[in-house]
Amino acid sequence: MAISEVAPFAKTGGLADVGGALPLALSKLGCQVRIVMPFYNRFVEELAAADPVVENMPVELGSQVIDTDVYRGQLNDTIEVYFIRRDEFFDRTYLYGTPKGDYFDNFQRFTYFCKAALSLCRAVQFQPDIVHCHDWQSGLIPAYLKHLVAAEDHLAATVSMFTIHNIAYQGQFAAKLFPQTGLPGRFFSVDGMEFWGGINFMKAAIVCADIITTVSPRYSEEIQTKEYGQKLEGVLQMHHHKLHGIINGANYEEWNPESDPYIAANYSRENLEGKYMCKLDLLRTVKLPERLMNRPLLGVISRLADQKGFDLLAAVMDKFMAHDLGLVILGIGEDKYHTMLAAFAERYPEKIAVRLEFDERLAHKIEAGADMFLMPSRYEPCGLNQMYSLRYGTVPIVRATGGLYDTITPFNPTKGKGVGFRFTSYEPESFWHATKAALDLFPQTETWRQIMKNGMAMDFSWLSSAQQYLKLYEKTVAKKKRAGGSKQQAGGSKPQADDTRQRGKA
Ligand code: ADP
């Protein structure tokens, strides 16, 4: 796995949750997984071994050769994690940029990371059957495997999978940087990584990877349309035969109200009593009045980005506030949303609490203490918080897009089935309509409990997602072997010996 964030080492969003959970689920299925990620000092220092496992590994970046040290750590005592260390690139306050914008040298940082990840395989004599890359930060790896690996190379038989976690972040840079990638000149073309006159890491990966996945079946369809494709829809349509949607799992070891150490009282589907303690604790923590105990309490935990629907929330805020309810928002991101949310909190201090920070503990308290959870996303590749909300009996109100569509079935009062509330068109009215339906049902205690319990019974554990990944790994590796074998037979030489079995599954 080549991935730029892995919980608990570094996290800005759902990508890190996947990085921290999928390898473990795969290893339970018998895969041998190793992870490579950047050494972000601030996060990694205490978790990695003190001494490097590889020293002075040469990594080419344009005309430079950068000596690189690699450190090793462990995920859950089972999976080896390699950290590529280059402090001038990765020892920063943030992972990709400040609230004001991206770091100026992201091209160099992640080109270097991709190169280093492959050099590492050679340095530690690791011959993976498959390199599974995630998002644009590791997007050049499939291109390197396809274009820079010679037939006799250590990695010649290695296949690549690329997972799109969010197509809005593509890694686009100026064309003049292309030579620094080290890729052949012909790759700067419409069939390669050229994109509207510049270069695009995600496009490089889509074109070159042996197989592409994205994090929900619905999103795999959406990104092939103009509305969601962010200008890559045409490329994805061309490569649709290798595109699959696999929903992310939820990490129930971390997100389980029965054992969660961060919340005021543990509770379960069978015994919900603790949830009321959690609500009281949340109100106290964020300093909202305790009289809201009898009113609906709505929660939001989110990156503050355009994707997440805060413009819709702003448009309906006055309607929300005309009702007697509480709203707790935890988020960090773009300045404009910081300003906007802080202003709402100031205007409605008795009803709205806003925390503009990254706070894991408070995130758990909100999942446990809120009655409803809002995700009015413009788009949502998978979304994790709606799955956590279900497990915590916190009823999700979501826009029917991507993974939200795939995981939240609307409650049907006649049948007593369904787990949340959904709206389709990205309009304040539709969002309000769905929320109003939830607010109207909330006082009907029996029905509300039914919705909560329906949600708590859902199971989105990683096992079934990991099984689907494993199937795709096996299929792709087998396909490459067949193609390699038949090419060689056509050329008259002997088929290669099957040596992959000795190397573990992935
Ligand atoms: P995305 O990856 O688009 O940010 P997801 O719903 O897939 O959205 O994942 C978000 C993850 O990040 C969740 O685990 C959520 O709890 C966490 N998260 C987001 N913002 C914060 C925050 N301010 N404080 C704590 N956790 C946060």
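Just so you know, ligand 1 is whichever comes first in the structure, and atom 1 is the first atom listed for that ligand. In this text, all values refer to a predicted model and were calculated from it rather than measured experimentally.
Ligand 1 places these atoms under 4.0 Å from at least one heavy atom of Asn385: 6 (O), 10 (C), 13 (C), 15 (C), 16 (O). Using a 4.0 Å cut-off to heavy atoms of Tyr388, the atoms of ligand 1 that qualify are 14 (O).
Tyr473 and His132 have perpendicular rings, their planes meeting at more than 60° on a 0 to 90° scale where under 30° would count as parallel. Using cut-offs of 30° and 60° for the angle between ring planes, the Phe39 and Tyr71 rings count as perpendicular. Taking the six-membered ring for Trp and thresholds of 30 and 60 degrees, Phe320 and Trp432 have ring planes inclined between 30 and 60 degrees apart.
In terms of polar-atom proximity, defined here as any N/O pair under 3.5 Å, Lys11 does make such a contact with ligand 1. Polar contact with ligand 1: present for Gly14 (N/O pair, distance under 3.5 Å).
Residues Ser220 and Thr214 bring no donor and acceptor atom of their side chains to less than 3.5 Å of each other. A donor-acceptor contact closer than 3.5 angstrom links the side chains of Tyr96 and Ser4. Counted by atom type alone, Asn166 and Gln307 present one or more donor-acceptor pairs between their side chains at under 3.5 Å. In this structure, a donor-acceptor pair under 3.5 Å is present between the side chains of Asp459 and Ser461.
Considering each of Gln307, Lys308, His165, the one bringing a non-hydrogen atom nearest atom 1 (P) of ligand 1 is Lys308. Looking at Leu384, Ile301, Leu404, Asp359, it is Ile301 that brings a heavy atom closest to atom 19 (C) of ligand 1.
Ligand 1 lies less than 4.0 angstrom from a heavy atom belonging to Glu357.
Nearest protein heavy-atom neighbour of atom 4 (O) of ligand 1: Arg303 NE, 2.8 Å. Asp17 OD2, 3.7 Å is the protein heavy atom nearest to atom 11 (C) of ligand 1. If you check which protein heavy atom lies closest to atom 21 (C) of ligand 1, you get Phe358 CE1, 3.5 Å.
Looking at heavy atoms from C-beta onward, Phe201 lies out of side-chain contact with Gln170 at the 4.5 angstrom threshold.
The part of Ser302 lying near ligand 1 is the backbone, judged by heavy-atom distances below 4.0 Å.
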